[in-house]
Amino acid sequence: MLVCQGPGIGSVTHKSTWALGARTKKWLLADVISTVEFSHSGDLLATGDKGGRVVIFQREQENKSRPHSRGEYNVYSTFQSHEPEFDYLKSLEIEEKINKIRWLPQQGAARFLLSTNDKTIKLWKISERDKRAEGYNLKDEDGRLRDPLRITALRVPILKPMDLMVEASPRRIFANAHTYHINSISVNSDHETYLSADDLRINLWHLEITDRSFNIVDIKPANMEELTEVITAAEFHPHQCNVLVYSSSKGTIRLCDMRSSALCDRHSKFFEEPEDPSSRSFFSEIISSVSDVKFSHSGRYMMTRDYLSVKVWDLNMESRPVETHQVHEYLRSKLCSLYENDCIFDKFECCWNGSDSCVETRSFHQCARSASRCCVLQWRRGKASEPARKGKGHGRCCSIWSVGKEGPGCLAR
C-alpha cells in the first residue's frame with residue numbers, strides 16, 4: 001500500500017508552481033527590447049530583444065492619401081537570431097539576448113546586419129522576393145520529384161509574380177573568440193572588417209572569415225587580482241579605417257591607431273576629464289564609468305555617456321570635453337538609494353542624428369515616488385539649461401540635445 005504524505009505533496013506542488021512562475025517570468029521578459037539600430041538610410045529600424053529575436057520595422061513612404069504617414073514604422077521582418085546555449089566545458093548558460101545590432105552599408109538589393117549575444121556574432125542577409133519559378137523539369141507543381149525516365153521534353157522555367165516575401169538567412173557565424181561577454185560590435189569604414197569587444201579584449205574580424213580573428217587590444221593583466229578597469233564600449237572611426245576608440249569603467253577613453261602596431265596596447269590619444277577632489281565620494285568610480293561612446297558622422301567629435309552626463313569631445317583636445325550636458329542631475333542626491341536597488345549600475349547608450357545636430361540618450365523621469373517612469377528631454381548645444389518639455393511614460397526613456405543653436409528646445413513629447 002502506497003501512502004502519500006501531505007508535506008511531500010505540498011513540496012511537489014510548491015516546486016511545480018515555482019517552476020511555472022519562472023517560465024512565465026522568462027517568457028514575459030523575452031519581449032523586452034535590449035537594443036535598437038537604424039539603417040544608414042533611416043528607412044529600416046532593427047530591434048533585438050531578450051528572447052533572441054530581431055524585429056525589423058520599415059518606414060512608410062509618404063503618399064497623397066496619407067501625407068503624414070512617412071514617419072510611421074511597420075513590421076517588415078521578424079526572425080530568431082540566437083537560441084539559448086550551454087557551455088558544458090565551463091558549465092555556463094549562454095543567454096539568447098541580443099546585445100548589439102549593426103547594419104552594413106547597402107551595396108545591392110539585399111541588406112546585411114550583424115547581431116550578437118554574449119558569445120556569438122551572426123551575419124544576416126535580409127532579402128525580398130516577389131517572384132517564384134514554375135515549370136521545373138525534375139519536379140512536379142507540388143514539389144515532388146519526377147521520374148527521370150518519364151521526362152520526354154525540356155521545359156524552361158518561368159517566373160511568376162507572388163506576394164512580397166522578406167527572407168532572413170544566416171550567412172556567417174563568428175564564434176569561439178571571446179572569453180567574456182561581448183558588449184560592442186562596430187563595422188569598419190572599409191566595409192570588409194569589423195570589431196567585437198568584450199570586457200578585456202577587442203578582436204578584429206574579416207566579414208568573409210569566420211574561423212579566426214585578430215586580437216588588437218588586450219588589457220587583461222597577468223594576475224587578475226591586479227585588474228582595475230574593463231572595456232565598456234568600442235567603435236571604429238567613420239572615415240579612417242585604421243582608427244578606433246574604446247572606453248573603460250574608469251571614465252577614460254583611448255583612441256588607437258592600428259598603423260602604429262598590430263596590438264594596440266599603446267593608445268595614440270587619451271581623453272579624461274580631471275575629477276574635482278572636493279566632489280569625490282564613494283560612488284565616484286561607479287558613476288564615472290563610460291557606458292557608451294559614439295563618433296559623430298563627420299569624424300571630428302565623439303560623444304560619451306556616463307551615469308549622470310553626456311559629454312562631447314573634440315578629437316583634437318584631450319584635456320576636457322567641449323560640452324557637458326547633465327542628464328538627470330537630480331539623482332546625485334539619491335545615489336545611496338540607487339546603489340541599494342542596483343539602479344546605479346544601469347547602462348545607457350547614446351547616438352547622433354544623421355546631420356550631427358542632435359544627440360540622444362536614455363534617462364529617467366524625475367518623479368517624487370519613483371525613478372522608473374520615463375520622459376524625453378532636450379537641450380540646445382552651447383547652453384546648459386533645464387529641459388523645455390518632459391514627456392511621461394513607463395520604463396527608461398531617451399533625452400535629446402539639439403546641436404548648433406542656443407536656448408532650450410524640444411523635439412518631441
Side-chain angles (χ1 to χ4, degrees), residues 30-31 33-83 96 98 100-117 120-174 185 187 190-192 194 206-208 210 353-354:
D31 292 331
I33 294 176
S34 55
T35 183
V36 296
E37 183 73 12
F38 275 103
S39 63
H40 293 80
S41 63
D43 293 331
L44 296 179
L45 171 66
T47 65
D49 60 26
K50 292 187 176 182
R53 292 181 298 269
V54 173
V55 181
I56 302 176
F57 298 87
Q58 185 179 43
R59 182 167 57 184
E60 290 294 326
Q61 299 297 325
E62 187 175 355
N63 52 50
K64 295 182 179 179
S65 60
R66 301 181 62 192
H68 301 291
S69 63
R70 179 170 171 78
E72 297 180 0
Y73 283 80
N74 295 322
V75 176
Y76 177 70
S77 177
T78 302
F79 59 92
Q80 188 72 29
S81 176
H82 288 73
E83 299 283 353
E96 65 272 30
I98 307 298
K100 292 289 181 180
I101 293 176
R102 289 292 180 267
W103 290 92
L104 274 66
Q106 186 176 359
Q107 299 178 347
R111 297 176 172 89
F112 293 86
L113 63 82
L114 291 167
S115 63
T116 181
N117 63 352
T120 305
I121 307 167
K122 295 184 179 181
L123 175 64
W124 291 88
K125 178 182 179 181
I126 314 298
S127 57
E128 297 180 351
R129 187 174 65 175
D130 58 358
K131 293 180 176 62
R132 68 173 183 269
E134 292 186 358
Y136 289 103
N137 291 280
L138 300 178
K139 291 182 180 180
D140 293 329
E141 299 301 331
D142 56 0
R144 292 183 300 180
L145 293 176
R146 301 173 60 189
D147 186 0
L149 299 178
R150 296 183 179 180
I151 300 176
T152 58
L154 180 64
R155 296 187 298 177
V156 178
I158 59 176
L159 295 177
K160 290 188 175 181
M162 59 175 289
D163 294 337
L164 179 64
M165 179 182 297
V166 181
E167 297 178 330
S169 55
R171 308 297 293 179
R172 304 280 190 277
I173 298 179
F174 308 88
I185 52 176
V187 182
D190 60 9
H191 302 168
E192 294 182 355
Y194 74 94
H206 194 283
L207 288 169
E208 300 294 332
T210 61
N353 71 337

Item to complete: Taking all non-hydrogen atoms of both residues into account, name the closest pair between Ser39 and Asp43 and its distance.
Response: OG-N, 3.6 Å

Item to complete: Could you walk me through whether Glu96 and Lys50 pass the salt bridge (charged side-chain N to carboxylate O under 4.0 Å, His left out) test, one step at a time?
Response: CA-CA 7 Å; Glu96 65 272 30; Lys50 292 187 176 182; over 6 Å; no

Worksheet item: Hey, is the main chain of Ser81 close enough, under 3.5 Å, to the side chain of Lys122 for a donor-acceptor pair?
Response: yes

Worksheet item: Looking at Leu104 and His40, what are the two nearest heavy atoms and their distance?
Response: C-CE1, 3.8 Å

Worksheet item: If you round to the nearest 0.5 Å, how far is CE of Met165 from NZ of Lys131?
Response: 14.0 Å

Practice prompt. To the nearest 0.5 angstrom, please state how far the CH2 atom of Trp103 sits from the CD1 atom of Ile126.
Written response: 6.0 Å

Worksheet item: With a 3.5 Å cut-off and no angle check, do the side chains of Asn74 and Glu60 form a donor-acceptor pair?
Response: yes

Practice prompt. Salt-bridge test for Arg53 and Asp31: reply yes if a basic N is under 4.0 Å from a carboxylate O, no otherwise.
Written response: yes

Worksheet entry | Closest non-hydrogen atom pair between Ile185 and Arg102, with its separation | O-NE, 3.2 Å

Response to the item:
Distance col, row Phe174:CZ vs Thr120:OG1, nearest 0.5 angstrom, shows 11.5 Å

Response to the item:
Closest non-hydrogen contact found for Pro105 with His191 is CG-NE2, 3.4 Å

Worksheet item: Measuring from Arg146:CZ to Asn137:CG, what's the distance to the nearest 0.5 Å?
Response: 7.0 Å

Worksheet, complete the sentence: The single option from Thr47, Val55, Val166, Ile56 that satisfies side-chain contact (heavy atoms from CB on, under 4.5 Å) with Thr78 is Val55

Item to complete: Rounded to the nearest 0.5 Å, what's the gap from CG on Leu123 to CZ on Phe112? Could you check?
Response: 6.5 Å

Worksheet entry | Smallest separation among heavy atoms of Gly48 and Ile98, with atom names | CA-CB, 4.0 Å

Practice prompt. Start with the C-alpha gap between His206 and Glu192, add the side-chain angles, then the distance that decides, and say whether side-chain contact (heavy atoms from CB on, under 4.5 Å) holds.
Written response: CA-CA 6 Å; His206 194 283; Glu192 294 182 355; 4.0 Å; yes

Worksheet item: When you check the side-chain N and O atoms of Ser169 and Trp124, is any donor under 3.5 Å from an acceptor?
Response: no

Worksheet item: So, do Ile101 and Val54 sit near enough that their side-chain heavy atoms are less than 4.5 Å apart?
Response: yes

Fill in: Evaluation steps, side-chain contact (heavy atoms from CB on, under 4.5 Å), between Asp163 and Asp130
CA-CA 6 Å; Asp163 294 337; Asp130 58 358; over 6 Å; no

Worksheet entry | salt_bridge(Glu167, Lys125) N-O dist < 4.0 Å | no

Worksheet item: Rounded to the nearest 0.5 Å, how far apart are CG of Leu113 and NZ of Lys100?
Response: 14.5 Å

Worksheet item: Considering residues, nucleotides and ligands other than Leu164, do more than 12 of their heavy atoms fall under 6.0 Å from its CG?
Response: yes

Worksheet entry | Student check: side-chain heavy atoms of Thr210 and Ile173 closer than 4.5 Å | no

Worksheet item: Can you list the steps and then say if Arg59 with Leu44 is a side-chain contact (heavy atoms from CB on, under 4.5 Å)?
Response: CA-CA 6 Å; Arg59 182 167 57 184; Leu44 296 179; over 6 Å; no

Discussion item. Could you walk me through whether Tyr76 and Glu128 satisfy the side-chain contact (heavy atoms from CB on, under 4.5 Å) test, starting with their C-alpha distance in whole Å, then the side-chain angles of each, then the deciding distance to 0.1 Å, before giving a yes or no?
Written reply: CA-CA 10 Å; Tyr76 177 70; Glu128 297 180 351; 2.5 Å; yes

Worksheet item: Looking only at heavy atoms, what is the nearest atom pair of His82 and Gln80, with distance?
Response: O-NE2, 2.8 Å

Worksheet item: Counting only heavy atoms not in Arg155, do more than 12 sit closer than 6.0 Å to its CZ atom?
Response: yes

